[in-house]
Undergrad: 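My structure is below; once you've seen it, I'll send some questions.
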Amino acid sequence: MIGNIIRRFNRSIPRTFRMDMLRVRRILLVLLCLGSLILVFKNERAYRNFKLTFFMESDWYTPAPVDKSRWGKRQTKEVFEMNAGENDDIRPPDAIGAGAKKCGTIAFAYFLSLNPDFRRTSYTEGHWLYKDSQWKGGFQSYKRKLPTSEPGQITYEGTPRYLVESSVPARAKAISKDMKIIITLCDPIKRMRSDFIHTTLTTEPHAQEIKGYKNISSFVDEWLPRVKRNILEQGEEYLTDVYYHDITASIFTNSIYSHYLNHWLDYFPRDQILFLDGEETLNAPYKTMDKAQDFLNLDHVLTNEHFFINEETGYYCAKRPENMKKTFCLPKSKGRTGNLADPSYLELGKDQIEALKEFFTPFNRQLCDIVGHSMSFYADLCK
Ligand SMILES: Nc1ncnc2c1ncn2[C@@H]1O[C@H](COP(=O)(O)OS(=O)(=O)O)[C@@H](OP(=O)(O)O)[C@H]1O
């Protein structure tokens, strides 16, 4: 039939413009092939787009909705033994720093302690609240981890691990139901990288295993499917106190903030918790100081003029308010990932980053409700 149409069309035009049937067929064949190619290409692109949006929108895991009606309602059964001397210049903390690990918790505490009315522990981290034997020792035992202070000053003890230890919120409430909690969060993948390299330099139980991996990329290839499967099979119960049953997975699970925050919020109302953005502490520490001094009702001793970038490391240092000529930088162990001898050790492939983003998305989305405002790493997930 097409042949008839072409023949009739061919006869209707002047003889000089007529083509032989073979040539017409060839042209048609080429056009047909071109058309098919365009269609295949367009469909492939559409398929890829579909796949991307489909997997982005449908989560691999759906956490229970955030239940704000529970916040702060849970009573503590823990008892804090106030068994230390009365006329002491050491008292239980007014504020607890609870992680997250590797999000800039030390930068926060060290910088804020340049405000003379913020008294932090002489130990960088107390690691006291989650250890049963220490907790049983009451205030007498805790005292050696706490700073001296005068009336009107704020005493602080911070330990990143407190975020993920299920016994800690109840114990913090047992010390004081008015306890203020400060939590710094940061990009989960960035945090993982920092945790990974940090662990290789410690004596933690999983240090040897982590050191056994050539780099973070091979670790993620092996462990991401495993952690996902455990969450799908066991639910969020798997995340609770993971340090005691699957500590290696903590490199991932320490970044699942929403699970741990839901537990903290069972004990403390939202307005007793200050959420800080680790990215802000890193790039604009004066803004973090502003928020913390407000939250703790401290004089705004630390301002923009007290911070400067150290040319050598690229990280912020501070000028001491009592003598601006004296400066303070964090120890070399902080800011490790920005000055790596071999950056390929922490490199991840594009597909691995996509897979990790997908992994953290359902939990990060919950932060919109929990924190109540967006932060650098999940702003795009909040409606
Ligand atoms: N001013 C300044 N100097 C150096 N480092 C800074 C600073 N501000 C924030 N940070 C970030 O702090 C990260 C270490 O986080 P933490 O102190 O929370 O680590 S820890 O959990 O207490 O071990 C550290 O991460 P790494 O680079 O992986 O060490 C930094 O990103």
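Whatever order the structure lists ligands and atoms in, that order sets their numbers, starting from 1.
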Undergrad: Quick check on side chain to side chain donor-acceptor pair (under 3.5 Å): which of Q272, R171, K173, R74 does Y267 satisfy it with?
TA: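 Single pass found, and it is R74.
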
Undergrad: Are E279 and K190 within salt-bridge range, i.e. N to O under 4.0 Å?
TA: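 The answer is yes: the pair qualifies as a salt bridge.
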
Undergrad: Quick check: does H198 get an N/O under 3.5 Å from an N/O on ligand 1?
TA: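 In fact, backbone or side chain, H198 has no N or O that close.
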
Undergrad: Which protein non-hydrogen atom lies closest to atom 27 (O) of ligand 1, naming both residue and atom, and how far is it?
TA: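 Closest protein heavy atom to atom 27 (O) of ligand 1: T337 OG1, 2.7 Å.
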
Undergrad: Does at least one non-hydrogen atom of E125 fall below 4.0 angstrom from an atom of ligand 1?
TA: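 Per 4.0 Å heavy-atom rule, E125 contacts ligand 1.
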
Undergrad: Quick one: does NZ or CZ of K334 land under 6.0 Å from the six-membered ring centre of Y315, within 45 degrees of the ring axis?
TA: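 The answer is no, since K334 fails at least one limit relative to Y315.
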
Undergrad: Among all protein heavy atoms, pick the one closest to atom 14 (C) of ligand 1 and tell me residue, atom and distance.
TA: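 Answer for atom 14 (C) of ligand 1: K334 CD, 3.9 Å.
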
Undergrad: Can you tell me if CG on D299 sees more than 12 non-hydrogen neighbours from other groups inside 6.0 Å?
TA: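 Count not over threshold, so no.
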
Undergrad: Determine, for K136 against E81, whether the closest basic-nitrogen to carboxylate-oxygen distance falls under 4.0 angstrom.
TA: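 Not counted as a salt bridge, because no side-chain N and carboxylate O are separated by less than 4.0 Å.
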
Undergrad: Which of the atoms of ligand 1 are close to T105, meaning less than 4.0 Å from one of its heavy atoms?
TA: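 With T105 as reference, the close atoms of ligand 1 come out as 16 (P), 17 (O), 18 (O), 22 (O).
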
Undergrad: Give the residue and atom name of whichever protein heavy atom lies nearest to atom 21 (O) of ligand 1, and the separation in Å to one decimal.
TA: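 Heavy-atom neighbour on the protein nearest atom 21 (O) of ligand 1: K102 N, 2.8 Å.
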
Undergrad: Cut-off 3.5 Å, side chains only: do W128 and S141 have a donor facing an acceptor?
TA: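 Yes, S141 and W128 have a side-chain donor paired with an acceptor closer than 3.5 Å.
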
Undergrad: Which atoms of ligand 1 have any heavy atom of F111 under 4.0 Å away?
TA: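 Heavy-atom distances to F111 below 4.0 Å select 1 (N).
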
Undergrad: So is there a nitrogen or oxygen of K101 less than 3.5 Å from a nitrogen or oxygen in ligand 1?
TA: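 Such a contact does not occur with ligand 1.
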
Undergrad: I'd like to know if F108 contacts ligand 1, where contact means a heavy-atom distance under 4.0 Å to any ligand atom.
TA: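 Not so, F108 does not reach ligand 1.
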
Undergrad: At their closest point, which heavy atom of F252 faces which heavy atom of L224, and how far apart are they?
TA: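 For F252 and L224, the tightest heavy-atom pair comes out as CZ-N, 3.7 Å.
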
Undergrad: Nearest to atom 2 (C) of ligand 1, what protein heavy atom do you find, and at what distance?
TA: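 For atom 2 (C) of ligand 1, the nearest protein heavy atom comes out as L330 CD1, 3.7 Å.
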
Undergrad: Which of the numbered atoms in ligand 1 are below 4.0 angstrom from a heavy atom of A107?
TA: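 Result: 7 (C), 8 (N), 9 (C).
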
Undergrad: What part of C103 sits under 4.0 Å from ligand 1 if we count only heavy atoms: the side chain, the backbone, both or neither?
TA: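 Near ligand 1, C103 shows its backbone, while the atoms from C-beta on stay back.
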
Undergrad: Judged on heavy-atom distance to atom 28 (O) of ligand 1, which of C186, P160, A318, S194 sits nearest?
TA: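 Checking each option, the heavy atom nearest atom 28 (O) of ligand 1 is found in S194.
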
Undergrad: Name the closest protein heavy atom to atom 1 (N) of ligand 1, giving the residue it belongs to and the distance to 0.1 Å.
TA: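 Here the nearest protein heavy atom works out to Y316 O, 2.9 Å.
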
Undergrad: Of the protein's non-hydrogen atoms, which lies at the shortest distance from atom 3 (N) of ligand 1, and what is that distance?
TA: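 Protein heavy atom at minimum distance: Y315 CB, 3.5 Å.
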
Undergrad: For atom 12 (O) of ligand 1, what's the nearest protein heavy atom and its distance?
TA: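 Looking at atom 12 (O) of ligand 1, the protein heavy atom closest to it is G104 CA, 3.4 Å.
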
Undergrad: Relative to atom 29 (O) of ligand 1, which among G335, G338, A100 owns the nearest non-hydrogen atom?
TA: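 When every heavy atom of G335, G338, A100 is considered, G335 comes closest to atom 29 (O) of ligand 1.
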
Undergrad: Tell me the protein heavy atom at minimum distance from atom 10 (N) of ligand 1, and give that distance in Å.
TA: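 Answer, as residue, atom name and distance: L282 CD1, 3.6 Å.
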
Undergrad: I'd like to know if the side chain of N215 reaches the main chain of S218, judged simply by a donor and an acceptor atom lying under 3.5 Å from each other, with no hydrogens or angles considered.
TA: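 Yes: the side chain of N215 pairs with the backbone of S218.
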
Undergrad: Does a donor on one side chain and an acceptor on the other come within less than 3.5 Å for R191 and S255?
TA: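 Looking only at side-chain atoms, S255 and R191 do form a donor-acceptor pair, the distance falling under 3.5 Å.
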
Undergrad: Cation over ring, R365 on Y378, under 6.0 Å and within 45°?
TA: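 Verdict for Y378: no cation-pi partner in R365.
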
Undergrad: What do the steps show when you test Y257 against F363 for ring pair (Phe, Tyr, Trp, His ring centres under 6.0 Å), and what is the final call?
TA: CA-CA 7 Å; Y257 311 126; F363 306 107; over 10 Å; no

